[in-house]
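Quick caveat, the model's predicted, so the values are computed rather than measured. All heavy atoms count here, side chains included; hydrogens, waters and symmetry mates do not.
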Amino acid sequence: MRKSLTTLAVACAAFLATSAFGQTPEEVKKGVEQYREMLELGNPAELYALKGEALFKKKRGPKNASLEQCDFGKGPGVLKGVYAEMPRYFADTGKVQDLESRLVTCMVQLQGISEKDATKRPFGNADKPSENEQLVAYIVSQSYGDPINIKLDNPKMKEAYEIGKRLFFYRAGPWDFSCATCHAEENTRIRLQDLPVLSSPAGAKAAMTTWPAYRVSNSQLKTMEWRINDCYRQMRFPEPNFISDSVIALTTYLAYTANGGVYKGPGIKR
Amino acid sequence: MKKALIAAAAGALVVAGCASMKEMDAKYDAEVVQWMKRDFHARGIATMDRLDQDEVQRVCTQYDNKPPEAMAKQIEAGEMKKIKLPSDGKYMGDWKAGQKIAQRGRGMTWRDKPGSTNGGSCYNCHQLSTAELSFGTIGPSLNQFGKKRGYTVANQKYVYEKIYDSKAFTACSNMPRLGLSGTLTEQQIKDVTAYLMDPNSPVNK
Amino acid sequence: MGDPMKIRARMQGDVAEVRVLMGHPMETGQRKGSDGKIIPAHFIKQIRAELNGKVVFEAAISQAISRNPLFAFKVKGAKAGDKLSITWEDNKGDKRTDTVTISG
């Protein structure tokens, strides 16, 4: 007995292309939202998380160790809820670290991999995702449903927040942009893309509870480090270093502003 | 008497607290640039000097884009002097070429090659022709711009100047100074001016 | 070999609702790479679901399906605890099977 039932195939390019003409902007937007909802049923970010889990548990590096004993702030081996409390201060490194920075620390400390190798390819492409992206997808998915809770209970955390806030409003570059140019006014958008007001709790929550995310337009999982990197590219700035204090400070400002938001990542974006 | 003393002492404490907070703020303000210079690197055409603020950027950052009026006026006058008007005295180019420039969002990033043709990214922030549904809303709608304002040479000049250096009119405008920054050439600015000011342009249909 | 699938299968009344996410490039054979050369076609052509070893669903698909496709379907006559296996085979002869237990 063979029963062929309903199949739901996700096709993206055609959908977006056909929605561009003969519709009002509201209709176009509604269509995009509908499409996004449909995709949430099967977010390909889960495929990244599956690979990330395998990588996380695999013995690797000169020390032939897995990352399972990595301490993301709640003790070695604890993954549940850790992303919702990052960036955070780590006494062993004396630094405020985001998830991606902490992963590098663990690769160096536990697996004996050099920092150079651990940071060689932070961002991948659709054909070849980076290991960083896969590990991130796995770990953030362990914080699903947990409220964002960043505490400025340490001078370094306070410093990261204060510097991050100033980075957010710092105008420079040939186009005079700051993060606030696009992310400080309600109900604005670039082309059809809505822009969250990241300096307000509501906007910061909307963003920080849904990143990292799978981006349908380029079939890739994108991390928070990437999000900030690509914003600076579009702001026409020079490039921020991967897991640098500045990127972590900006993330700390955004995450603290998003405190209380319930984490729903990895998300899915246009 | 005793109560008053305690109150005064508490007041002094609060004042001391405020002073140190202000000191911390000043310290963080000074450190931001140092952090960026340490944590960013030049890539392609996006060189490190882009992190250095010019006077406009510095004042706008310092005053959260709302500088005191006298300071704003001073910036605007200074920027007005930086505008280079077309050598032939004509502000209008080809609106069809202007449409392409308005649509194009490429240019000036670390991925763009030196010498490549830049776009104006106009549609990222403005509505222009109603035929294009994918437009941003950071800037005002410019649909019907020429028709509403009048097809005068004075208005052509205003559009040319505004595109060349938006800060000559609004000190801390969100809009890039597309001429001054070398993003658009004289001819390109003329073309975009025509896109806004030509009666035959779809913007005015 | 292929990448692991993400399979969700749970009973809703007397019907098992199944959602399968497959990691596959699904290259159409019409796209050009950064080197300007055509990227050869590479897509899943056959998918099959087996309930306790018995085929309950089979489909032939093609390049028209997106990268990392999602399939959702319902299986009548299944019950919690049953083994559900999903297999795909692509045009290069690569194959992958993953099995889950249907949850209640």
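With a threshold of 4.5 angstrom between heavy atoms, A:Asn187 approaches chain B through N, CA, C or O but not through any side-chain atom. Contact of A:Ala249 with chain B is made through the side chain alone, with heavy-atom distances under 4.5 Å. Proximity to chain A is absent for every atom of B:Gln34, based on heavy atoms less than 4.5 angstrom apart. Proximity to chain A (any heavy atom under 4.5 Å) is shown, for B:Leu180, by neither the backbone nor the side chain. Proximity to chain A involves both the backbone and the side chain of B:Arg38, based on heavy atoms less than 4.5 angstrom apart. No part of A:Phe242 comes within reach of chain B, as not one of its non-hydrogen atoms sits under 4.5 angstrom from that chain. Heavy atoms of B:Thr47 lying under 4.5 Å from chain A belong exclusively to its backbone. If you measure heavy-atom distances from B:Asp49 to chain A, you find no contacts under 4.5 Å at all.
At a threshold of 4.5 Å between non-hydrogen side-chain atoms, the residues A:Glu162 and B:Asp25 count as touching. Looking at heavy atoms from C-beta onward, B:Asn65 lies in side-chain contact with A:Arg171 at the 4.5 angstrom threshold. For the pair A:Tyr170 and B:Gln57, the minimum side-chain heavy-atom distance is 4.5 Å or more. Residues B:Ser134 and A:Leu192 form a side-chain contact, since some pair of their non-hydrogen atoms from C-beta on lies under 4.5 Å apart. Taking 4.5 Å as the limit, some side-chain heavy atom of A:Ile163 sits within range of a side-chain heavy atom of B:Glu31.
Taking all atoms of both residues into account, the shortest heavy-atom contact from B:Gln53 to A:Ala172 is CG-CB, 4.3 Å. Residue A:Arg236 comes nearest to B:Arg106 through the heavy atom pair NH2-C, 4.2 Å, listed as atom of the first residue, atom of the second, then distance. Counting all heavy atoms, side chain and backbone alike, B:Trp35 lies closest to A:Ser246 at O-OG, 3.4 Å. Between A:Pro238 and B:Arg50, the shortest heavy-atom contact is CD-CB, 3.9 Å. The shortest heavy-atom contact between B:Ser181 and A:Pro174 is CB-O, 3.2 Å. For the pair A:Tyr232 and B:Trp110, the tightest heavy-atom approach, listed with the atom from each and the gap, is C-CZ3, 4.0 Å.
Residue B:Gln62 places its CD atom among more than 12 non-hydrogen atoms of other residues, nucleotides or ligands, all under 6.0 Å distant. For OH of A:Tyr256, the number of neighbouring non-hydrogen atoms (other residues, nucleotides, ligands) closer than 6.0 Å is 12 at most. Counting non-hydrogen atoms of other residues, nucleotides and ligands closer than 6.0 Å to NZ of B:Lys96 gives a total of 12 or fewer. Within 6.0 Å of the CD atom in B:Gln74, the count of heavy atoms belonging to other residues, nucleotides or ligands does not exceed 12.
Annotation: the span from A:Glu185 atom CD to B:Thr137 atom OG1 amounts to 8.5 Å, rounded to 0.5 Å. Atom-to-atom distance recorded for A:Arg189:CZ and B:Cys125:SG is 11.0 Å, nearest 0.5 angstrom. To the nearest 0.5 angstrom, A:Glu239 atom CD is 9.5 Å from B:Arg111 atom CZ.
Top candidate by heavy-atom pairs under 4.5 Å with chain B, chosen from A:Asn241, A:Thr188, A:Asp194, A:Val247, is A:Asn241.
Judged by distance alone, the side chain of A:Arg166 and the main-chain N or O of B:Val33 form no donor-acceptor pair under 3.5 Å.
Along residues 148-177 of chain B, the residues that come nearer than 4.5 angstrom to chain A, judged on non-hydrogen atoms, are B:Lys167, B:Cys172, B:Ser173, B:Asn174, B:Met175, B:Pro176, B:Arg177 in order of number.
Taking the ring axis of A:Phe237 as reference, the NZ or CZ atom of B:Arg43 does not stay both within 45° of it and closer than 6.0 Å to the ring centre.
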